[in-house]
Amino acid sequence: MQRSLNTYSMMLLLLLACSAKSGFVEAFTTPTSSIQQSAGKRVTQGAPIFASVASYQLDEDFSNNGNNINSRRIQIQRLFGKKGAKTSTFRAICTALPFLLLKRLSLGSSVAWAASTATSVPTFKKEEILSYRAWCFLKATGQNILTSLRHPTKDTLKVIAYTLVSIYLLTNIVEGMAASKRQKLDATSEWGRYADKPAARGQALSLLMMQLTPYAILPSLLDKFSKKKKDNLSETEYKSTRAHKLRRRGGEMFADGLLKLGPLYVKIGQILSCRENLFPDEWITAMERLQDRVPAKSGKEAWDLLYDAAPGGKAGFHKQFSDFDDVPLAAASLGQVHRATLRSSGERVAIKLQRSRLRDIYDKDLALMKKIAKIVDKFGKAGQVGGIEQSWVSIFNDAESILYREIDYRDEADNAIRFANDFGIGLGGVEIESTAKGVDGNALPSAAEWLRTPYTYGDLSSEKFLVMEYVPSIKANNNEALDKAGVTLEDREYLAECLAHAYLRQFCAHKFFSTDPHAGNLGIEVFEDERAPRVVFYDFGQACSLADDQAGGILDVIESIVDSDAKKSVSAFSRMGVLKDSADLEMVQAKCQQNYDEGKLKVKKRKSRKSSRYNTKEEVFAKESEKAELDARIDSAKQAKNTTDTSEGVNDLEVMASFTLQSEYAFVARALSQMDGVGKSLDPEFDFISAAAPYLVEVKGTGKYLTDEIKKKFTFVYGEDGILAKELQLFKSLGLKLPTKE
């Protein structure tokens, strides 16, 4: 019924707009005799039918109040009769719309209905009367609109266009209000609708940006003009300020808005929540809940989701599992995690269930984003980031591949199994042989003493159903919970270093890494005995592989930063494939050297630890002598300053124009960004290069590491301009071949 009323109201608006001009009003005049015969009332000859319609619609009991009706008829005829036919469009609409829409929004009597009531007719039911009214109204409206369009004027078409736009905007407002009511009950309720109607999401996003504007600007203004500066206030005093309350409200609004827009926007919020340098603390705190506290299904809805996802349906699930907890442990953008028990072993497991309609939403959202990427690429330099050239379509294609693999839990199971095998971690967190090899070709040691990941049951998993070992832990950035668990500051520094250690191995040795290390995917496992806590990795839906030169180039870059070697940095960039063929290598090297000289890129010495529990048997630099060797390497790099005058500096944009970004490095940058945010939550002084430097020897292998260090000390022999290089060049110029091993 409500939809019918909306339809009738829209048609009435269109009719009124079309009849605003004089020529069209006269087209609807009705002979006096027809009105007299149908309604038994006197109507002035030639009066417009609108005057009659308005007169009959003033009151349903007009027959008992003739004097009142006659006086109102005169008023209406003054508005809609021939004398007022030349009234401007604006006046006609302003007078007609309030009168007919507000007075008779429920579709009061029409002329046809007035005619039917003037004669003696049988009594009808209310539903029959309403249906007859609607039929008569639609018939009259259709005839009137067709008549008006026979000879349309420019003004008539303009009014029709304005009316249609008004109807469109009114419809969107009504839909938006209805969506807002649904989102109060379930913030994810409109994900499918926004995928079907991108324009609706665009409107919601625009509205969100407008709502956020004052919350982004006003706190800064309050801080600027306030007598009490934020830096001079205690935490309690700052929380009582108006600026803090506005920032907190703005952060909550931003997080809620991203959550309502869809799963891809939740992913954006997860990434932004790790960038403390981009947003106020209040906004970061609000967005952190997007990591693992997205609204989830529970109770009957969870069971329905389970039976739909489980291999074999309801029967297949109950054959393998028992004790399913329909209240989820955690929920993120793509799925939710529940506890259950394996019937075969009695072991507690975690089951990850995928949200409904995700593939359909991805199909539509990613198709739109691909079009945007193509448009951005057409703008050339306008699509560059920091002056670095890149193909957004190429980056998007790789991102699309990763995102689609993320919603196929069979791929995630494969990624999780490979991750565990690379680090040498088995069921229960026990040590097994690592499948990964170092640069020297030897197997890397197991990481089971400092890292944990749940065992994955690939044979029990399917596209929407993932079964893992249940491994409880504390969220990596939950400092309050870590304090209660007895995790000390020294423990946290060690854990941050373990995080860097893990990514050094992934980037440079495993050549395979998790691209999504936000705090919701990282936990801290605490033991009751004297063992040191260890980092727990969850969720391998997003993972990326690297080619040999890409992994080797990253390792070379890290070593060049440790040594503050600008020349080696340029060689590493070339190996990575990030320099254009036309790149000015001398300018790139000069910029690297300038950064080293100014201390923009530097490595800090490793902190000494008092507790012996961190000195695990696999920790390479446990001995003080080995720590001293790394410190000497850092000191040597600091002393090797460039003698070239770089006081004039090198323009950053000119240097960045020599670089091109491959899609894999976009995911490396994303992983580093998120990891850096978690690392700093554990250790405020954390930086990846400094924390990873002690483990270069493990990744390269002891023999290769020592050989490379010796070559550095004897650069006059082994360097690019050393004796061996010159002799090799001489042999080649003479056409001689070096002897090779048989």
Side-chain angles (χ1 to χ4, degrees), residues 271-279 281 284 386 450-451 476-477 479 489-509 513-519 522 524 535 537 551 553-566 568-569 572-573 576 591-609 614 619-621 627 629-638 640 652 665 667-700:
I271 296 172
L272 295 179
S273 68
C274 299
R275 299 303 302 271
E276 296 182 357
N277 57 322
L278 295 181
F279 295 94
D281 293 340
I284 296 296
W450 52 272
L451 187 142
N477 63 351
N479 290 322
L489 293 177
E490 194 174 38
D491 287 337
R492 297 178 202 191
E493 292 173 358
Y494 164 75
L495 291 166
E497 190 174 289
C498 290
L499 186 60
H501 184 184
Y503 267 92
L504 178 70
R505 280 184 56 157
Q506 290 179 76
F507 288 147
C508 304
F513 64 97
S514 169
T515 67
D516 203 20
H518 60 71
L522 295 170
I524 305 300
V535 178
F537 275 75
I554 293 173
L555 179 60
D556 290 345
V557 167
I558 294 172
E559 288 204 277
S560 69
I561 295 174
V562 172
D563 296 330
S564 297
D565 189 337
K568 186 174 181 179
S569 296
F573 294 149
M576 290 173 67
K591 184 60 182 178
C592 291
Q593 190 63 57
Q594 181 182 341
N595 289 336
Y596 292 139
D597 293 343
E598 294 177 356
K600 293 180 180 179
L601 292 173
K602 59 182 180 180
V603 178
K604 294 175 288 188
K605 294 181 180 180
R606 186 185 190 189
K607 298 177 182 178
S608 298
R609 299 194 182 99
Y614 307 117
E619 188 171 4
V620 180
F621 278 92
K627 177 182 180 299
E629 184 179 344
L630 177 63
D631 291 347
R633 181 178 178 182
I634 296 173
D635 289 337
S636 176
K638 290 180 179 179
D652 288 346
Y665 297 124
F667 299 109
V668 170
R670 173 187 170 182
L672 286 172
S673 173
Q674 295 193 32
M675 178 193 60
D676 186 71
V678 177
K680 282 184 167 58
S681 70
L682 293 167
D683 178 8
E685 298 180 5
F686 172 82
D687 78 84
F688 172 66
I689 303 296
S690 299
Y695 302 100
L696 288 170
V697 63
E698 175 186 299
V699 170
K700 296 181 71 173

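Fair warning: this is a prediction, and the values are worked out from it, not measured in the lab. Just so it is clear, the values below take in all heavy atoms, side chains as well, and ignore hydrogens, waters and symmetry mates.
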Do [X] and [Y] have side chains that approach each other closer than 4.5 Å (heavy atoms only, starting at C-beta)?
X      : Y      : answer
Lys700 : Leu555 : yes
Leu672 : Val668 : yes
Asp516 : His518 : yes
Trp450 : Leu499 : no
Tyr665 : Ile554 : yes

Contacts of type side-chain hydrogen bond (donor to acceptor under 3.5 Å, both in side chains), residue [X], not counting sequence neighbours:
X      : value
Asp683 : none
Ser514 : none
Asn595 : none
Gln506 : none

Kindly give the heavy-atom pair with the smallest separation between [X] and [Y], and that separation in Å.
X      : Y      : value
Ser569 : Ser560 : OG-OG, 2.9 Å
Ser681 : Asn477 : OG-CB, 3.7 Å
Ala509 : Val699 : CB-CG1, 4.1 Å
Leu696 : Leu504 : N-CD2, 4.0 Å
Ile284 : Ser273 : CG2-O, 3.3 Å
Met576 : Val557 : SD-CG2, 3.5 Å

Could I get the full list of ring-ring contact (aromatic ring centres under 6.0 Å, His included) partners for Phe688, not counting sequence neighbours?
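Expected list: none.
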With Phe507 via ring-ring contact (aromatic ring centres under 6.0 Å, His included) - residues at least two apart
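Partners of Phe507 by the ring-ring contact (aromatic ring centres under 6.0 Å, His included) criterion, ordered by chain and then number, come out as Tyr503, Phe513.
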Please determine whether side chain to side chain contact (heavy atoms under 4.5 Å, CB included) holds for the pair Ser564 and Val603, giving the CA-CA distance in whole Å, both sets of side-chain angles, and the decisive distance to 0.1 Å.
CA-CA 9 Å; Ser564 297; Val603 178; over 6 Å; no
[X] side, atom [atom1]; [Y] side, atom [atom2] - distance, nearest 0.5 Å:
X      : Y      : atom1 : atom2 : answer
Ile524 : Asp491 : CD1   : CG    : 9.5 Å
Leu495 : His501 : CG    : NE2   : 13.5 Å
Gln674 : Thr515 : CD    : OG1   : 7.5 Å
Ile561 : Ile689 : CD1   : CD1   : 4.5 Å

Who passes side-chain contact (heavy atoms from CB on, under 4.5 Å) against Ala566, sequence neighbours left out?
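Testing Ala566 for side-chain contact (heavy atoms from CB on, under 4.5 Å), a comparison that skips the adjacent residues, returns Gln589, Cys592, Gln593, Tyr596.
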Quick one: side-chain contact (heavy atoms from CB on, under 4.5 Å) partners of Asp565, sequence neighbours excluded?
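Asp565: side-chain contact (heavy atoms from CB on, under 4.5 Å) contacts with Asp563, Lys567, Lys568.
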Side-chain donor/acceptor of Ser690 to backbone N/O of Lys604, under 3.5 Å:
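Yes, because the side chain of Ser690 sits within donor-acceptor range (under 3.5 Å) of the backbone of Lys604.
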Salt bridge check: are Lys680 and Glu685 linked by an N-O gap of less than 4.0 Å?
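No, no charged N to carboxylate O under 4.0 Å.
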Test side chain to side chain contact (heavy atoms under 4.5 Å, CB included) on Tyr695 and Glu497 and set out the steps.
CA-CA 10 Å; Tyr695 302 100; Glu497 190 174 289; 2.5 Å; yes
